[in-house]
Amino acid sequence: CPIFQEAARHTGVRLETQDSSQSAFSENFNLLMASGLYPDLIFNVNSYYGPGMDAAIDDEILIDLDPYLEDYAPNYYGLMLANPQTMKDIHTDTGACGQFFCLENEAQNEGSGYFIRTDLLARTGLDLPHTLDEYHEVLLAIKGACPELEYPMYVGSSGIDAIASAYGVGGISAGGGLMSVDINYVIKDGKVVPSYLQENYRDVLEVMHQWLEDGIYSRDFATQSTQTMPPDDNYYAAIVGGQCALFAFTTNISDVLVAGQGNNPEFELAPTRTMVLHEGDVLPATTAVTLVDSNGFGVSTQAFDIEIAMRYLDWFYGEEGSTIASYGIEGLTFERDENGNPQWTDFVMNNPDGMSVGQITYTYAIMSETGNIDIHRMDWRKTDLQREISEVWNQDIDYEAGEGMSRYVTMTSEESDRYNSAVNDLAIYIAETVPRFIFGDLNLEGDFDNFIDTLYQMGIEDCTAIKQAVYDRYQYR
């Protein structure tokens with residue numbers, strides 16, 4: 001691998017790697033664990049060792065890095081000290097540190113949001129929507145002005161979570177999709193609360209029911225995918241084929257725009273602001289923003305020299321190592337400009353052998369394995385539309401006020417068993433019942449109280465208590 005060869009030139013440490021394809025990695029990892037013979041560095045133990053990181057340390061697969069960080073990994077340790085969230089996400093509930101996780105040098109907040117067909121909006125004479133009422137008005141107007149659309153809005157199996165967010169109740173469905181195996185929670189003032197038990201949840205279902213009755217989206221929404229990449233026949237084809245005017249997507253919208261314009265030269269898109277109830281509302285972030293990627297290397301208990309192994313990995317988190325991890329080999333894949341900032345070379349941008357930029361960067365740089373990665377290294381690929389997206393989607397979100405659940409919280413084995421035994425049935429019940437309120441098959445006046453009572457009977461309080469314990473432990477890391 002060229003990047004590790006370059007690292008050897010700078011550090012004097014040469015690696016012998018045991019490569020594996022992604023499809024075979026899980027099987028090969030299990031074989032490695034069964035052998036009891038571990039290499040010095042092991043990739044992604046956190047993802048592939050079922051019992052978890054603490055167990056990997058207790059079972060003497062990995063060393064606990066924490067006692068050595070200050071002396072052997074000053075770059076990695078310094079990045080932790082500079083960001084309390086990073087410190088928490090890297091450590092376990094017991095205070096152990098099992099991996100050199102790949103880090104990002106800045107938080108990426110925008111995620112996903114809504115786009116609107118501005119060529120269709122122009123037929124209505126209305127401005128881009130922002131409040132819930134404005135979205136409703138615009139969608140009804142587009143429905144009237146664009147008879148070629150069966151429905152002006154594409155809604156998939158997760159429902160219209162933007163409405164739920166506007167009301168401050170999190171998702172409308174079972175954890176990110178009506179057929180998910182988890183349930184939705186929000187955190188308010190340090191308390192974990194299921195979305196369904198909040199006061200405004202009934203209002204969210206009422207709005208979704210009204211929009212359905214108004215013909216804004218399809219009654220088949222509960223079975224429709226929201227896969228954002230082709231060749232999904234429902235979602236991608238509906239967007240680029242001109243079957244909807246408003247849809248949720250990620251920032252990677254360029255291919256959609258090109259494909260849509262290939263079908264219709266008038267096809268134009270703009271990001272819309274986050275849906276709020278009232279002009280001036282600012283919504284707290286519902287997920288914790290982290291600089292920590294899930295990938296990383298651990299140092300095994302059989303490592304020949306712990307200090308050398310840690311200092312080698314730590315090099316990727318210093319200025320020199322992080323630049324090489326992000327941009328590859330100086331003089332080949334990048335040069336520095338007059339301000340000392342790395343810039344891609346013609347070898348990358350106009351490769352003489354016809355290799356794509358993606359092929360070259362995956363070959364000569366590190367994508368997300370280790371190091372402190374510069375998230376701006378691919379900014380050159382962003383269109384004017386993509387640059388606009390971040391500003392539009394972020395302006396109504398307060399990331400400082402958010403109390404989201406970090407993806408690095410961990411349950412104990414006992415908690416996991418208890419939680420899973422109850423949550424599976426709850427998620428199925430929610431997935432079956434929520435659409436019936438939206439369709440109007442169940443009455444929000446009479447049947448909703450029965451729905452809530454059933455959630456209690458099925459153990460939603462026990463599930464919430466476990467999530468609360470997990471969240472509390474994370475806060476005390």
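These figures come from a predicted structure and were not determined experimentally.
Under a 3.5 Å cut-off, the side chain of Gln302 and the backbone N or O of Asp40 do not form any donor-acceptor pair. One N or O on the side chain of Asn263 and one on the backbone of Val240 form a donor-acceptor pair closer than 3.5 Å. Here the side chain of Asn44 pairs a donor or acceptor atom with the backbone of Gly296 at under 3.5 angstrom. Although no hydrogens or angles enter the test, the distance criterion places a donor-acceptor pair under 3.5 Å between the side chain of Ser300 and the main chain of Pro39. The main-chain N or O of Leu32 is found under 3.5 Å from a side-chain atom of Ser35 such that the two form a donor-acceptor pair. The main-chain N or O of Phe316 is never found under 3.5 Å from a side-chain atom of Ser322 such that the two would form a donor-acceptor pair. Not a single donor-acceptor pair under 3.5 Å links the side chain of Glu388 to the backbone N or O of Pro271. Judged purely by atom type and a 3.5 angstrom limit, Lys467 has no side-chain atom pairing as donor or acceptor with the backbone of Val193. Proximity of a side-chain donor or acceptor of Asn83 to a complementary backbone N or O of Thr86 within less than 3.5 Å is detected. Between the Gln359 side chain and the Ser356 main chain, a donor and an acceptor come within less than 3.5 Å of each other.
Applying the side-chain contact (heavy atoms from CB on, under 4.5 Å) test to Glu338 and every residue at least two apart in sequence or in another chain returns nothing. With sequence neighbours left out, Asp472 forms a side chain to side chain donor-acceptor pair (under 3.5 Å) with Gln468. Partners of Tyr471 by ring pair (Phe, Tyr, Trp, His ring centres under 6.0 Å), not counting sequence neighbours: none found. Legend: residues meeting side chain to side chain donor-acceptor pair (under 3.5 Å) with Tyr49, ordered by chain and number and at least two apart, are Asp59. The ring pair (Phe, Tyr, Trp, His ring centres under 6.0 Å) check on Tyr68 picks up Tyr72, with sequence neighbours excluded. Every residue two or more places apart in sequence or in another chain that forms a side chain to side chain donor-acceptor pair (under 3.5 Å) with Asp314 is listed here: Asn75. For Asp337, the side-chain contact (heavy atoms from CB on, under 4.5 Å) criterion is met by Asn339, Asn341, Gln343, not counting sequence neighbours. For Asp379, the side chain to side chain donor-acceptor pair (under 3.5 Å) test picks out His376, with sequence neighbours left out. By the salt bridge (Lys or Arg N to Asp or Glu O under 4.0 Å) test, Arg273 is found to be paired with Asp396, residues two or more places apart in sequence or in another chain being considered. In this view, Tyr48 and Phe25, Phe29 satisfy the ring pair (Phe, Tyr, Trp, His ring centres under 6.0 Å) rule, not counting sequence neighbours. For His10, the ring pair (Phe, Tyr, Trp, His ring centres under 6.0 Å) partners are Trp315, not counting sequence neighbours.
Put simply, CD on Gln85 and CD1 on Ile90 are 10.5 Å apart, with the number rounded to the nearest 0.5 Å. From Ile163, atom CD1 reaches atom CE of Met208 across 6.0 Å, with rounding to the nearest 0.5 Å. Taken to the nearest 0.5 Å, the OH atom of Tyr312 stands 8.5 Å off from the OG1 atom of Thr370. For the atom pair CE of Met275 and OG of Ser165, the computed distance is 9.0 Å after rounding to the nearest 0.5 Å. Separation of atoms CG (Asp374) and CD (Glu104) is listed at 10.0 Å; rounding is to 0.5 Å. The structure places CG of Leu269 at 9.0 Å from CD1 of Ile389, a figure rounded to the nearest 0.5 Å.
Other residues, nucleotides and ligands place more than 12 heavy atoms under 6.0 Å from the CD atom of Gln395. Heavy atoms from other residues, nucleotides or ligands lying under 6.0 Å from CZ of Arg407 number more than 12.
Taking the six-membered ring for Trp and thresholds of 30 and 60 degrees, Tyr185 and Tyr419 have ring planes inclined between 30 and 60 degrees apart. Classification of the Phe115-Phe249 ring pair by plane angle, with boundaries at 30° and 60°, yields perpendicular.
The residues Arg418 and Glu415 are annotated as not salt-bridged, no charged nitrogen and carboxylate oxygen being separated by less than 4.0 angstrom.
Donor-acceptor pairing under 3.5 Å is recorded for the side chains of Gln261 and Glu268. Residues Thr272 and Tyr135 have side chains that bring a donor and an acceptor to within less than 3.5 angstrom of each other.
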(request) Output, in order, the C-alpha distance, side-chain angles, deciding distance and verdict of side-chain contact (heavy atoms from CB on, under 4.5 Å) for Val186 and Val169. (result) CA-CA 7 Å; Val186 294; Val169 302; 5.9 Å; no
(request) For Ser421 and Asp417, run side chain to side chain donor-acceptor pair (under 3.5 Å): C-alpha distance rounded to whole Å, both residues' side-chain angles, the deciding distance at 0.1 Å, then the answer. (result) CA-CA 6 Å; Ser421 67; Asp417 290 342; over 6 Å; no
(request) Take Ser294 and Tyr408, measure what side-chain contact (heavy atoms from CB on, under 4.5 Å) needs, and give me the verdict at the end. (result) CA-CA 9 Å; Ser294 58; Tyr408 294 104; 4.1 Å; yes
(request) Apply side chain to side chain donor-acceptor pair (under 3.5 Å) to the pair Asn372 and Asn105, showing each step before the final yes or no. (result) CA-CA 6 Å; Asn372 189 33; Asn105 65 338; over 6 Å; no
(message) Asn46 vs Gln99, test: side chain to side chain donor-acceptor pair (under 3.5 Å). Steps then yes/no.
(response) CA-CA 8 Å; Asn46 63 309; Gln99 283 189 175; 3.1 Å; yes
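Using a 4.5 Å heavy-atom cutoff, the side chains of Ile42 and Val299 are not in contact. Residues Ile57 and Ile63 have side chains not in contact (no heavy-atom distance under 4.5 Å, counting atoms from C-beta outward). Counting only heavy atoms from C-beta outward, the side chains of Trp344 and Met378 approach each other to under 4.5 Å. You'll find the side chain of Arg336 reaches within 4.5 Å of the side chain of Glu330, heavy atoms only. Between Thr361 and Tyr327 the shortest side-chain heavy-atom distance does not fall below 4.5 Å. The shortest side-chain heavy-atom distance between Ile324 and Ile3 falls under the 4.5 Å cut-off. Side-chain contact check for Thr301 versus Ile61: every heavy-atom pair is 4.5 Å or farther apart. Between Cys97 and Asp64, some side-chain heavy-atom pair lies under the 4.5 Å cut-off.
For Tyr317 and Tyr77, the ring centers sit 6.0 Å or farther from each other.
Considering all non-hydrogen atoms of both residues, Ala365 and Arg377 come closest at CB-NH1, 4.2 Å.
Within the structure, the salt bridge (charged side-chain N to carboxylate O under 4.0 Å, His left out) test picks out the following pairs touching residues 70-94 (sequence neighbours left out): Asp93-Arg473, Asp93-Arg477.
With Thr92 as reference, Asp54 is the one residue of Asp66, Asp54, Thr410 to meet the side-chain hydrogen bond (donor to acceptor under 3.5 Å, both in side chains) rule. Partner Phe43 forms a ring-ring contact (aromatic ring centres under 6.0 Å, His included) with one of Phe101, Phe297, Phe100 and no other, that one being Phe297.
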